[in-house]
Amino acid sequence: MKGRVFTAVITLCLLFGMMFPKAAAAAFSDVPADSWYTAAVSYVRDNGLMNGTSDTAFSPDGTMTRAMLVTALHRAAGTPSVPMQPSYTDVPAAAWYSDAAAWAALEGLAGGYGDGRFGPDDPVSREQAAVILWRYAGRPQAQSAGEFTDESAIASWAADAVDWAWSSGVFSGRNGDDFSPQAGVTRAEAAAALCRCLTGGQEYSGASSSREVRHP
């Protein structure tokens, strides 16, 4: 009898977690069940794209680095092997992100700074993240997102990607019509952007969902 009761309880817990991703994300003590990023955190966790910063914390307000972003996309692409390790002076061959950095460079998603560095621990800016995700999505054309109040601050090399990220809903604005291109991306923002990009903007509804978007 005890065995049957235990099995029933476990089954109910699993079903509850699959049906209610917001409750599942609450496994992270710093991800409220009713936050705007809860479903996105469940998505990146359930699909193995982003881990917590500890067993119980996601650090949603923490900084998303360049290494973290290319690693998430490398995982989304199925962690393809790379023919060689990166030649960046600041990417050790044994680093957890070394394959992702090499893959991102080979795929044309994210290169280095031109001085031999990749900057793995540098915060990824909103315009950098928009470009990387735009390239991953296949460089789709998008209608102009209109004039941002900080339009002049957006780099010319990021203009098309920012238009796409804004018009497709991958990135929302800050302070109304500001894009804040040089502002760093938080881990919560990154989770939301990845979820929106990889699902085509669909709301994540449970662990049985799959990653709909792959790199061409």
Side-chain angles (χ1 to χ4, degrees), residues 10-11 13-82 95-104 106-107 109-110 120 124 126 128-138 140 164-165 168-172 185-216:
I10 293 297
T11 300
C13 288
L14 290 173
L15 288 173
F16 184 79
M18 291 178 67
M19 292 172 63
F20 301 100
K22 290 186 177 182
F28 292 123
S29 60
D30 55 358
V31 178
D34 57 352
S35 70
W36 60 267
Y37 52 80
T38 303
V41 170
S42 289
Y43 175 83
V44 295
R45 185 200 60 182
D46 293 346
N47 286 283
L49 307 184
M50 290 177 66
N51 301 318
T53 54
S54 73
D55 289 342
T56 59
F58 184 76
S59 301
D61 296 323
T63 299
M64 188 73 174
T65 65
R66 286 165 55 84
M68 289 176 185
L69 183 56
V70 296
T71 296
L73 291 175
H74 185 226
R75 292 170 177 170
T79 59
S81 59
V82 291
W96 56 268
Y97 52 79
S98 60
D99 283 351
W103 169 81
L106 290 172
E107 292 291 323
L109 305 182
V124 63
R126 284 166 60 85
Q128 287 176 345
V131 168
I132 293 170
L133 292 170
W134 173 67
R135 291 172 177 171
Y136 183 91
W164 166 80
S168 63
V170 169
F171 273 107
S172 56
V185 177
T186 67
R187 285 172 53 84
E189 289 176 327
L194 285 163
C195 183
R196 293 164 185 164
C197 177
L198 297 175
T199 65
Q202 297 179 12
E203 180 73 16
Y204 180 60
S205 59
S208 60
S209 297
S210 61
R211 306 169 208 148
E212 288 84 354
V213 177
R214 298 278 183 168
H215 190 263

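A pairwise comparison of heavy atoms in Ala40 and Cys195 identifies CB-CB, 4.1 Å as the closest pair. Contact detail for Ala110 and Val70: the closest heavy-atom pair is CB-CG1, 4.1 Å. Closest non-hydrogen pair, Leu194 versus Met50, comes out as CD1-SD, 3.9 Å. For Val185 against Ala190, the heavy-atom pair with the smallest separation is CG1-N, 3.6 Å. Considering all non-hydrogen atoms of both residues, Arg187 and Asn51 come closest at NH2-O, 2.7 Å. Smallest separation of non-hydrogen atoms from Tyr43 and Leu49: CE2-CD1, 3.8 Å.
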*Please walk me through it: do Trp103 and Thr79 pass side chain to side chain contact (heavy atoms under 4.5 Å, CB included)?*
CA-CA 9 Å; Trp103 169 81; Thr79 59; over 6 Å; no
*Apply side chain to side chain contact (heavy atoms under 4.5 Å, CB included) to Phe171 and Leu133, showing your working.*
CA-CA 10 Å; Phe171 273 107; Leu133 292 170; 4.2 Å; yes
*Would you sort out whether Gln128 and Leu69 count as a side chain to side chain contact (heavy atoms under 4.5 Å, CB included), showing the intermediate values?*
CA-CA 10 Å; Gln128 287 176 345; Leu69 183 56; over 6 Å; no
*Applying side chain to side chain contact (heavy atoms under 4.5 Å, CB included), run through Glu107 and Leu73 and close with a yes or a no.*
CA-CA 11 Å; Glu107 292 291 323; Leu73 291 175; over 6 Å; no
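With hydrogens and angles disregarded, no donor-acceptor distance shorter than 3.5 Å links the side chain of Ser35 to the backbone of Val31. Side-chain atoms of Trp134 come within 3.5 Å of backbone atoms of Pro140 as a donor-acceptor pair (strictly under, hydrogens ignored). Between the side chain of Thr38 and the main chain of Pro32, a donor-acceptor pair closer than 3.5 Å is present. Distance alone, capped at 3.5 Å, is enough to place a donor-acceptor pair between the Ser29 side chain and the Thr56 backbone.
Rounded to the nearest 0.5 Å, atoms OG1 (Thr53) and CG (Asp30) are 6.5 Å apart.
Legend: residues meeting side-chain contact (heavy atoms from CB on, under 4.5 Å) with Ala67, ordered by chain and number and at least two apart, are Thr65, Trp96, Tyr97, Pro120. Partners of Phe58 according to the ring-ring contact (aromatic ring centres under 6.0 Å, His included) rule, which considers only residues two or more places apart in sequence or in another chain, are Phe28. With sequence neighbours left out, the salt bridge (charged side-chain N to carboxylate O under 4.0 Å, His left out) criterion links Arg66 to no other residue.
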